[in-house]
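Working notes, beginning with the structure itself.
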2 protein chains.
Amino acid sequence: MTTIYDSIIIGASAAGISAAIYLKRQGLNFLIITKDIGGEMALSGIVENYPGFPKTTGLELAQKFEEHLKSYGIEPIFDEVIQLKKEDKFFEVITKSENKYNSKTIVVATGSTPKKLNIPGEINFFHKGVSYCSVCDMPLFKGKTVAIIGGGNSALEAGIMASNICKKGYIINKNPSFKGDKILIEEVLKKPNIEIIYNALTQEIFGDSVVKGLRYLDKTTNEIKELNVDGIFIHIGLKPNTEFIPNEWEIKNEFGEIIVNKFCETNLPGLFAAGDVTDFPHKQIGVAVGQGISAGLGVVNYLNKNK
Amino acid sequence: MTTIYDSIIIGASAAGISAAIYLKRQGLNFLIITKDIGGEMALSGIVENYPGFPKTTGLELAQKFEEHLKSYGIEPIFDEVIQLKKEDKFFEVITKSENKYNSKTIVVATGSTPKKLNIPGEINFFHKGVSYCSVCDMPLFKGKTVAIIGGGNSALEAGIMASNICKKGYIINKNPSFKGDKILIEEVLKKPNIEIIYNALTQEIFGDSVVKGLRYLDKTTNEIKELNVDGIFIHIGLKPNTEFIPNEWEIKNEFGEIIVNKFCETNLPGLFAAGDVTDFPHKQIGVAVGQGISAGLGVVNYLNKNK
């Protein structure tokens, strides 16, 4: 007979692990299926904003979370979910290694991946001046000069942040205008220490042991230009890991993020989502933890009310 | 000239400290006004469900949070807020020691206090078998016998939890019926290891170094009866610390909790709330952290858009 689990958590970074701790403590019969432990968190550099840990690294924090999981004897299944189905009352989870699992509820906590420029230097200087998270890393560049690459709200917000924290900031926009909120654009344009460079395609990041600058193509003049900066923030979008969720369920927004309410419920009963994979704007470890816990306790309530 | 702060955070437990860390990192000019550090968290016993800390105590965790705050050089003002006003664009915060502060935004993170039975033994056996948080502490009573005191949803949920975790659970209800959700009542009534005692007024908690049991008045027979239990969970309501918020702002629910959306915004622009003081059902440290961060980043966005 097929086991029908109470829940299957997909993903084992901050949100998935938090949900798992709560489900285990409630005595539920569940699985975690994940590609890795720690996801994007494990790739973060210095972390100074997860409350309780004044200064750590993403990797250390991921290890602490893993230790917490193991303290409950929880062993994830290392596999990739490639398809989710709903059959009558139960979900079916299909993995890359061709296993199938059935469950009454699902917690999607697969995170999202920042989009890359795919230019020379980008990977080499990651954590050596290159960052995909301004909220996390801008404070490391206090009084220094940074470049922000992008043209949407995240880039604009990073620009405002840089104006308050850094000596000087450039926003490098490949287009002739911004596509973000008007109010944010106006605010950025008012900042005396923020310079906007339009029609600029970033081509290369250079440095020695750390970032020293970048080169971009000025599309107006067709010249290659150079900027000396200490930090480079790349804000050209996030790719949520939600390909395995059928579009016809209509629980994803235009960016592929899963739309959740404040209880981390989706519009599909029994399906919960938490962390960076959701439409929640703040992609932060502490927020993912709170959402993971909410999703876990949401699963408990759902099971109590649907027996 | 009066300083107008970017923000004033009221309270310095999990939510307030999390908000403060984020505001500081964004270079904002803000205050924390609080009665104490750690609030209810500091009074919690063993904590095994704040991700990253497999096993700690509420007090230790409160100290870690305080250390985190101090690593940023943030010094709270120890005072009690007794009144909030909104004058034109700014908030005015009035304290017990008759100080007044002005701010563009407010983060309310004053927590809530579990209601007490006020019976002999209740205070003496707190953390020695008496708990006000089933989600936190029920797992400590695995395979044991517990009593749950209350008649609403929290007591019913604790009963279902006990049925999964403990050998035996009693629910002691002072009324002849439950006032919780019908579906939860039905679920509890189905549990073979949960016994309901109606019309029962708990009178005394007894034990030696730990709880051994309780005595209650059976209102039907007018007899004093005794139950031997290892743990006692008191779920007779929470009192959110929101007296200083004017009722005419209409941001509180019937229980006095502050109603927030998923971004921790209230209906009053510029006023945010986070943690146990909100209408969010899960009163958990990790959830308060996530909400504190959301409120902090919400303040940043609000200030960017309202200059």
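Residue numbers start from 1 in every chain, and the chains themselves are labelled A, B, ... in the order their sequence lines are given, proteins ahead of strands.
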Top contributor to chain B contacts, counting heavy-atom pairs under 4.5 Å, from A/Asn304, A/Asn164, A/Val188, A/Leu69: A/Asn304

Look at A/Val287, A/Asp181, A/Ile285 and state which one has the largest set of heavy-atom pairs under 4.5 Å with chain B. A/Val287

Chain B contact via [X] - which portion, at a heavy-atom distance below 4.5 Å:
X: A/Ile165; value: side chain
X: A/Glu187; value: side chain
X: A/Lys191; value: side chain
X: A/Ser294; value: both

Closest approach of [X] and [Y], non-hydrogen atoms and distance?
X: B/Pro51; Y: A/Phe65; value: CB-CE2, 3.5 Å
X: A/Gly286; Y: B/Ile293; value: CA-CD1, 3.5 Å
X: A/Val135; Y: B/Arg25; value: O-NH2, 3.7 Å

Taking the six-membered ring for Trp and the single ring otherwise, decide whether the centroids of A/Tyr50 and B/Phe53 are under 6.0 Å apart. no

Within 6.0 angstrom of [X] [atom1], more than 12 heavy atoms from elsewhere:
X: A/Lys190; atom1: NZ; answer: yes
X: A/Lys142; atom1: NZ; answer: no
X: B/Lys64; atom1: NZ; answer: no
X: A/Lys168; atom1: NZ; answer: yes
X: B/Asp36; atom1: CG; answer: yes

Toward chain A, the part of [X] with a non-hydrogen atom under 4.5 Å:
X: B/Asn49; value: both
X: B/Ile21; value: side chain
X: B/Glu186; value: neither
X: B/Ser18; value: both

Best-contacting candidate, [options], against chain A by heavy atom pairs under 4.5 angstrom:
options: B/Leu297, B/Thr56, B/Val289, B/Leu156; result: B/Leu297
options: B/Pro139, B/Gly290, B/Ala14; result: B/Pro139
options: B/Lys262, B/His68, B/Lys305; result: B/His68

Within the structure provided, determine whether B/Asn301 and A/Glu157 are in side-chain contact (heavy-atom separation under 4.5 Å). yes

